[in-house]
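First up is the structure itself, then whatever we jot down about it.
One is the number of the first residue; the rest follow in order along the sequence. Just so you know, these numbers come straight off a predicted model, no measurement behind them.
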Amino acid sequence: MKLHSSNTEKYQTVTGYDQSGVEINAKRYDYSVLVMPETPPRPWNVTRFEDLTAEHFEEIAADKPDVVVLGTGERQRFVHPRLVASLSNQRVGVESMDSHAACRTYNILMGEGRKVTLALIIE
């Protein structure tokens, strides 16, 4: 296997995570966040998966990502298609996974230069 170094210091990179929060570029967040490669993380007003609404995904759609990685907590859960209609109408895929997998996937896609949004629910 050949390894290549990558220069991701200028991007928002997940540097750590656990059940109670996430670190982005070594800064801790203990609340739900939206993370994109080239803009600082911002709070996402979601406290529980069950509270998700279409408006939460409309907020993400306004950023015009190519793909959304949704971290749903300790276990993978799927949102109803009507909630993500604003993204589907823009032909933006939403991938739901547990939060640990979401953080890893975000870093990979970000490292590939994709316009990805990590929507991470911290309960």
Side-chain angles (χ1 to χ4, degrees):
M1 174 188 309
K2 190 172 187 178
L3 298 176
H4 299 277
S5 64
S6 79
N7 183 8
T8 60
E9 293 90 23
K10 65 182 178 177
Y11 299 112
Q12 305 304 313
T13 304
V14 176
T15 53
Y17 50 84
D18 59 30
Q19 301 303 356
S20 63
V22 64
E23 285 184 6
I24 308 296
N25 294 348
K27 181 178 178 190
R28 178 98 177 149
Y29 297 86
D30 59 358
Y31 49 84
S32 298
V33 291
L34 295 175
V35 184
M36 293 162 285
E38 297 181 352
T39 58
R42 68 179 195 259
W44 193 33
N45 190 24
V46 179
T47 54
R48 298 179 325 134
F49 176 83
E50 295 79 14
D51 296 337
L52 284 170
T53 66
E55 289 76 24
H56 290 116
F57 293 99
E58 289 168 9
E59 177 182 355
I60 296 169
D63 295 324
K64 303 211 180 296
D66 292 336
V67 65
V68 175
V69 179
L70 175 63
T72 60
E74 290 185 33
R75 62 185 174 89
Q76 182 181 29
R77 296 181 271 185
F78 298 95
V79 294
H80 193 282
R82 70 178 157 72
L83 296 180
V84 296
S86 58
L87 291 160
S88 299
N89 291 339
Q90 293 180 16
R91 303 184 63 82
V92 175
V94 178
E95 299 295 330
S96 294
M97 52 193 78
D98 69 74
S99 291
H100 290 181
C103 289
R104 292 188 303 269
T105 302
Y106 165 81
N107 277 352
I108 291 167
L109 294 174
M110 181 270 308
E112 292 175 350
R114 301 281 303 275
K115 189 174 179 186
V116 58
T117 295
L118 172 63
L120 194 61
I121 300 171
I122 306 292
E123 294 184 348

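Looking at heavy atoms from C-beta onward, Met97 lies out of side-chain contact with Thr72 at the 4.5 angstrom threshold. Residues Ile121 and Leu52 form a side-chain contact, since some pair of their non-hydrogen atoms from C-beta on lies under 4.5 Å apart. Thr15 places none of its side-chain heavy atoms less than 4.5 Å from the side chain of Ile24. Residues Tyr106 and Pro37 are in side-chain contact: their nearest non-hydrogen atoms beyond the backbone lie under 4.5 Å apart. With a 4.5 Å cut-off on side-chain heavy atoms, Lys27 and Asn25 do not count as touching.
Between the side chain of Lys115 and the backbone N or O of Lys64 there is at least one donor-acceptor pair closer than 3.5 Å. Using a distance-only test at 3.5 Å, with no hydrogens or angles considered, a donor-acceptor pair links the side chain of Glu123 to the main chain of Phe49. Remark: the backbone N or O of Glu74 is not paired with any side-chain donor or acceptor of Ser99 at under 3.5 angstrom. Between the side chain of Ser86 and the backbone N or O of Asn89 there is no donor-acceptor pair closer than 3.5 Å. A donor-acceptor contact shorter than 3.5 Å is absent between the side chain of Asp63 and the backbone of Pro65. For the pair Asp98 (side chain) and Gly73 (backbone), a donor-acceptor distance under 3.5 Å is absent. Counting only distance, with no hydrogens or angles, the side chain of Asp66 and the backbone of Val92 share no donor-acceptor pair below 3.5 Å. Side-chain atoms of Ser32 do not come within 3.5 Å of backbone N or O of Thr47 as any donor-acceptor pair.
The nearest pair of heavy atoms linking Ala54 to Arg82 is CB-O, 4.4 Å. Contact between Leu34 and Glu59 at its shortest, heavy atoms only, is CD1-OE2, 3.7 Å. Contact record, Thr39 with Gln12: O-CG, 3.0 Å, taken as the closest heavy-atom pair. Annotation for Glu50 and Arg77: closest pair OE2-NH1, 3.2 Å, computed over non-hydrogen atoms.
Within 6.0 Å of atom CG in Asn45, 12 or fewer heavy atoms from other residues, nucleotides or ligands are found, so the atom counts as exposed in its surroundings. More than 12 heavy atoms of other residues, nucleotides or ligands shown are found within 6.0 angstrom of CD on Glu112.
The same ILVMFWY cluster, assembled from side-chain heavy atoms under 4.5 Å apart, contains both Leu118 and Met110. Criterion: ILVMFWY side-chain heavy atoms under 4.5 Å apart, direct or through other members. Under it, Val46 and Val33 are not part of a common hydrophobic cluster. Val116 and Met36 are assigned to two separate hydrophobic clusters, defined by single-linkage of ILVMFWY side chains at heavy-atom distances under 4.5 Å. Two different hydrophobic clusters hold Leu70 and Val67 under the rule that ILVMFWY side chains link at heavy-atom gaps under 4.5 Å. Under the 4.5 Å side-chain heavy-atom criterion for ILVMFWY residues, no single connected hydrophobic cluster contains both Val84 and Leu109.
Between the NE2 atom in His56 and the CG atom in Asp51 there is a gap of 7.5 Å [rounded to 0.5 Å]. Separation of atoms CG (Asp30) and CD1 (Ile122) is listed at 8.5 Å; rounding is to 0.5 Å.
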Self-check item: Verdict with supporting geometry, Leu120 and Val35, side-chain contact (heavy atoms from CB on, under 4.5 Å)
Solution: CA-CA 8 Å; Leu120 194 61; Val35 184; 5.9 Å; no
Quiz item: Checking side-chain contact (heavy atoms from CB on, under 4.5 Å) for the pair Tyr17/His100: CA distance, chi angles, key distance, verdict?
Solution: CA-CA 7 Å; Tyr17 50 84; His100 290 181; 3.0 Å; yes
Quiz item: Could you go step by step and tell me if Ile60 and Leu87 meet the side-chain contact (heavy atoms from CB on, under 4.5 Å) rule?
Solution: CA-CA 8 Å; Ile60 296 169; Leu87 291 160; 4.2 Å; yes
Exercise. Evaluate the criterion side-chain contact (heavy atoms from CB on, under 4.5 Å) for residue pair Glu23 and Cys103; output intermediate values, then yes/no.
Key: CA-CA 10 Å; Glu23 285 184 6; Cys103 289; over 6 Å; no
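Each of Leu83, Val68, Val69 was compared with Val94 under the side-chain contact (heavy atoms from CB on, under 4.5 Å) criterion, and only Val68 meets it.
Taking the six-membered ring where tryptophan is involved, the planes of Phe57 and Trp44 are perpendicular, since the angle between them exceeds 60° and thus also 30°.
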